[in-house]
Amino acid sequence: MNELSFFAADATAGLVEGLNPQQREAVEYRGPALLIVAGAGSGKTRVLTHRIAHLLATKDAWPSQILAITFTNKAAAEMRERVRYLLGEAADGMWLKTFHSACVMILRRESGRLGHDSNFTIYDSGDSRAILKRLIKELGADIHKLTPAGVGAAISNAKNELADAESYARNVDQNDPVARMISEIFSRYQYELRKNNAFDFDDLIGETVHLFRAFPEVLAQYQQKFKHILVDEYQDTNHAQYALIRELAKTASLTVVGDSDQSIYAFRGADIRNITEFEKDFPGAKTILLEQNYRSTQNILSAANAVISNNFDRPAKNLWTAAGDGDKIVGYTGYSSHDEAQFIADEINKLHSKSQGDDAIAFRDIAVFYRTNSQTRALEDIFIRSGIPYRVVGGTKFYERQEIKDAMAYLVAIANTRDDLATRRILNVPKRGIGDASETQIASYAEKNNLSVRQVLSHVSDLGFGPKITGAINQFAELMDNLEAMIPNENVDVILRAVLDRTGLLESLRNSKDPQDEARVENLEELVSVAREFQRNNPEGRLPDFLNEVALVAAADELDDESGTVSLMTLHTAKGLEYEAVFLTGIEEGLLPHRMSFITPGGMAEERRLFYVGITRARKKLHLSLAMTRTTFGESESATPSRYLQEIPSDLIDWRESGSGRGMPTTRYRASIADDQGYGSSEGSSGGYGGTPSTKEKKVWSGAISSVRNNEGLQLEVGDMIEHSDFGKGKVIATAGEGARQTAEIHFGSVGTKRLLVKVAPISKL
DNA sequence: GGGATAAGGCTTTTT
DNA sequence: GCCTTATCCC
């Protein structure tokens with residue numbers, strides 16, 4: 001149906017054509033507050049885009065008066081595209097952004113009031129961790145067993161609750177030395193951010209709220225601007241985001257869309273009460289339920305409903321579909337994660353094969369989900385071997401690669417000269433003879449004289465370095481000045497090119513013997529294309545704009561709909577997406593639910609929602625798989641099926657036989673977990689399968705699957721001949737210790753004599 | 001200053 | 001099993 005033609009006939013009728021009554025009401029309703037409870041697959045994106053288009057078509061709002069918040073940049077771009085299609089023209093001036101990018105926009109304009117320059121840097125978690133690591137070391141906080149990740153989480157949680165370092169300190173038990181240490185680190189961390197002219201992810205939201213509260217005239221400006229505010233995935237907003245919306249929506253009409261059953265970001269501060277208590281929060285709010293699912297077959301929905309109904313304390317809700325039952329869900333239990341992966345690869349090949357005729361599913365319509373990123377290893381191994389084209393979405397991200405971070409650090413350092421973190425990162429990259437000692441000296445001079453590291457570079461004569469180092473520093477300072485001078489006039493890709501060429505970054509990689517460096521060169525070329533692409537899309541964009549965009553890319557943003565590859569991603573990344581065929585992997589106790597959730601209040605319910613999100617991503621084919629043994633830490637441990645599996649009515653699942661002839665969790669196993677709803681009480685319960693594979697079978701598998709370097713059991717004696725993967729043949733001349741701790745002194749001829757830990761050394765006995 | 005090697009630590013999920 | 005750090009040596 002061509003919605004455009006309806007629009008031509010009547011400005012608004014076409015916008016509700018083909019919608020069900022609830023959807024239609026959600027599009028047409030006008031009032032101060034509207035909550036759209038949108039079950040999985042109930043067409044909420046459609047409703048949201050049609051509502052925006054409807055607001056514009058009825059002249060209830062100008063584009064510039066609309067603020068719509070989505071979870072990812074990709075969702076925002078998609079929504080803009082769809083609104084444009086519906087209206088037949090671009091709705092320019094509309095703010096269609098993520099929370100973070102909307103806040104960046106505001107902060108860039110108003111940063112002066114907060115003591116920042118408008119060219120501030122956005123620190124990602126890696127940057128934060130680097131600062132925290134240094135502070136922990138400086139303060140000797142490691143004696144309290146404080147880790148950068150741990151302190152970072154504490155600070156992040158505080159910021160999500162809108163606490164700053166001072167208020168955090170006030171609320172801390174002063175008799176608790178650990179708590180006092182954390183609040184000290186918090187305060188110094190915040191000082192570092194300010195000094196470097198930087199915000200971390202949480203600050204983007206929190207500081208915007210603080211800005212609005214400290215400067216009512218600024219808030220008033222934005223309140224006047226936005227007449228309609230729409231927020232997607234409202235169940236995953238945290239307190240800071242809630243407060244932001246609350247401030248802005250005081251004078252505007254607010255629409256929120258969400259589903260409390262899909263709230264999966266509690267660990268990031270998401271507060272499910274934001275949505276469950278919306279009606280209390282905004283008296284007179286209208287609530288509309290979307291319960292008809294247009295995505296999945298009945299079997300898939302029934303499984304999803306059955307699972308989620310085990311969460312108590314949730315508003316009753318039942319998704320239904322007019323589509324038929326469809327195929328049964330396929331279950332599979334493998335010996336090992338590699339066996340599981342092999343099953344998935346085989347199934348994917350079947351689904352994709354031409355023998356399926358018109359039902360053949362394209363690779364891009366197939367997705368594999370998992371709980372933790374480390375699960376990709378086995379999947380990738382097997383997919384490569386099976387020749388299945390795949391793409392890992394998220395995970396070790398492009399921008400987290402060392403060479404990319406180095407190149408980006410140059411760009412950041414010239415865009416924001418106050419950013420010492422960036423400047424210090426590249427001071428000696430590539431190697432130019434400014435080592436650790438010199439760097440520390442420069443940094444402490446900066447600290448003493450209240451200068452940025454960059455400024456110190458031009459005081460080099462005061463530092464008393466020898467001529468060699470002085471020369472290197474001067475050269476570096478001049479290079480940075482020249483690059484910086486390019487910013488106002490040159491395109492981003494040109495500046496990046498100059499960074500790569502003039503700093504010697506590319507050259508040092510090209511001359512390197514490390515084979516990995518070849519890939520790094522390619523990655524840097526890829527970065528240049530990214531910059532070029534950015535410049536094409538944003539002809540007016542300057543370097544700081546590019547840095548913004550790059551800092552805020554989300555995992556799901558990388559998805560390329562056109563690619564002919566299977567997508568691999570975490571369950572968290574999968575939120576909001578849908579596929580013809582879905583594989584849910586590692587449905588085991590300890591993985592889903594994850595063992596960390598056993599000790600987290602509400603963890604079991606949140607993990608169940610995660611499972612629910614995964615199930616509801618599937619349109620036609622759903623596969624649930626697990627492994628009997630899983631390798632963590634290189635140790636192979638036996639795994640038990642997830643308690644969530646037995647929440648699915650057994651007639652919905654067709655358990656395929658595994659290699660052992662035992663495909664499904666047995667009755668005995670089921671009985672053992674049947675009444676287990678507590679937190680973690682099943683850990684250690686041995687239930688297991690009708691019988692775990694024999695030791696022999698296990699050995700065969702672990703041998704077949706891995707290139708594990710583990711010489712356990714290998715005992716060496718003086719006089720033995722061995723071969724080492726790097727040093728070649730050698731002769732044992734002495735040994736010490738026993739078992740796993742045995743060491744051996746081995747003479748390798750011309751290479752010399754080495755002392756090695758027998759268990760882990762890459763050696764074999766001849 | 002810089003490279004190589006071995007010991008130690010660690011994994012939940014992300015903007 | 002993989003990544004970061006500590007230590008040794010050139």
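First the proteins, then the strands, lettered A, B, ... as listed; each starts at 1. Values below: all heavy atoms of this structure, side chains included; hydrogens, waters and symmetry mates excluded. Quick caveat, the model's predicted, so the values are computed rather than measured.
Checked against a 6.0 Å centroid threshold, the rings of Phe71(A) and Tyr265(A) count as neighbours.
Regarding Met596(A), its CE atom lies at a distance of 8 Å from the C1' atom of dT11(B), rounded to whole Å. The distance from atom OH of Tyr265(A) to atom C1' of dT14(B) is 5 Å, rounded to the nearest whole Å. The interatomic distance linking Asn428(A) (CG) with dG2(B) (C1') rounds to 10 Å, in whole Å. Between Lys74(A) atom NZ and dT15(B) atom P the separation is 13 Å, expressed in whole Å. Across the protein-nucleic acid pair, Arg377(A) atom CZ and dC10(B) atom C1' stand 12 Å apart, rounded to whole Å. The distance between atom CD1 of Ile599(A) and atom P of dT11(B), rounded to the nearest whole Å, is 13 Å. Separating the NZ atom of Lys133(A) from the P atom of dT4(C) is a distance of 8 Å, rounded to the nearest angstrom. Put simply, CZ on Phe369(A) is 16 Å from P on dT13(B), counting in whole angstrom units.
Contact annotation: Ser374(A) side-chain N/O to dC2(C) OP1/OP2 distance is not under 4.0 Å. For dT14(B), one of the phosphate oxygens OP1 or OP2 lies less than 4.0 angstrom from a side-chain nitrogen or oxygen of Thr573(A). At dT15(B), none of the side-chain N or O atoms of Asn73(A) fall inside 4.0 Å of OP1 or OP2 (strictly under the cut-off). Phosphate proximity of dT14(B) to Ser125(A): absent, as no side-chain N or O sits under 4.0 Å from OP1 or OP2.
We find that Asp127(A) and Lys405(A) are joined by a salt bridge, their nearest charged nitrogen and carboxylate oxygen being less than 4.0 Å apart.
The 5' end of DNA chain B is approached more closely, in terms of each residue's nearest nucleotide, by Arg432(A) than by the other of Arg432(A) and Thr632(A). Nearer to the 5' terminus of DNA chain B, by closest-nucleotide assignment, is the contact made by Ile469(A) (compared with the other of Ile469(A) and Ile264(A)).
Residue Arg268(A) places its side chain closer to dT15(B) than to any other of dG1(B), dT15(B), dT13(B). Comparing dG1(B), dT15(B), dT14(B) against the side chain of Phe267(A) picks out dT14(B) as the nearest. The side chain of Lys431(A) lies closest to dG3(B) when the candidates are dT13(B), dG3(B), dT15(B).
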If you restrict it to nitrogen or oxygen atoms, what contacts under 3.5 Å exist between nucleotides 7-10 of chain C and the protein, and what is each distance?
none

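Counting non-hydrogen atoms under 4.0 angstrom, Ala551(A) reaches nothing in the nucleic acid. Residue-level contact check: Thr72(A) touches neither bases nor backbone, having no heavy atom under 4.0 Å from any strand. If you check every strand for non-hydrogen atoms under 4.0 Å, Asp124(A) touches nothing.
Scanning for side chain to side chain contact (heavy atoms under 4.5 Å, CB included) contacts around Glu507(A) gives Asn511(A), with sequence neighbours left out. Qualifying side chain to side chain donor-acceptor pair (under 3.5 Å) partners for Gln262(A), counting only residues two or more places apart in sequence or in other chains: Asp259(A), Arg617(A). Looking at residues two or more places apart in sequence or on another chain, you find a side chain to side chain contact (heavy atoms under 4.5 Å, CB included) between Ser101(A) and Asn73(A), Lys97(A), Thr98(A), Leu552(A). Applying the ring-ring contact (aromatic ring centres under 6.0 Å, His included) rule to Tyr234(A) yields the partners Phe278(A); only residues at least two apart in sequence or on another chain are considered. A search for side chain to side chain donor-acceptor pair (under 3.5 Å) contacts involving Ser263(A) returns nothing, not counting sequence neighbours.
The P atoms of dT4(C) and dT13(B) are separated by 15 Å, rounded to the nearest whole Å.
Inspection of the Ser642(A) and Glu588(A) side chains reveals no N or O donor paired with an N or O acceptor under 3.5 Å.
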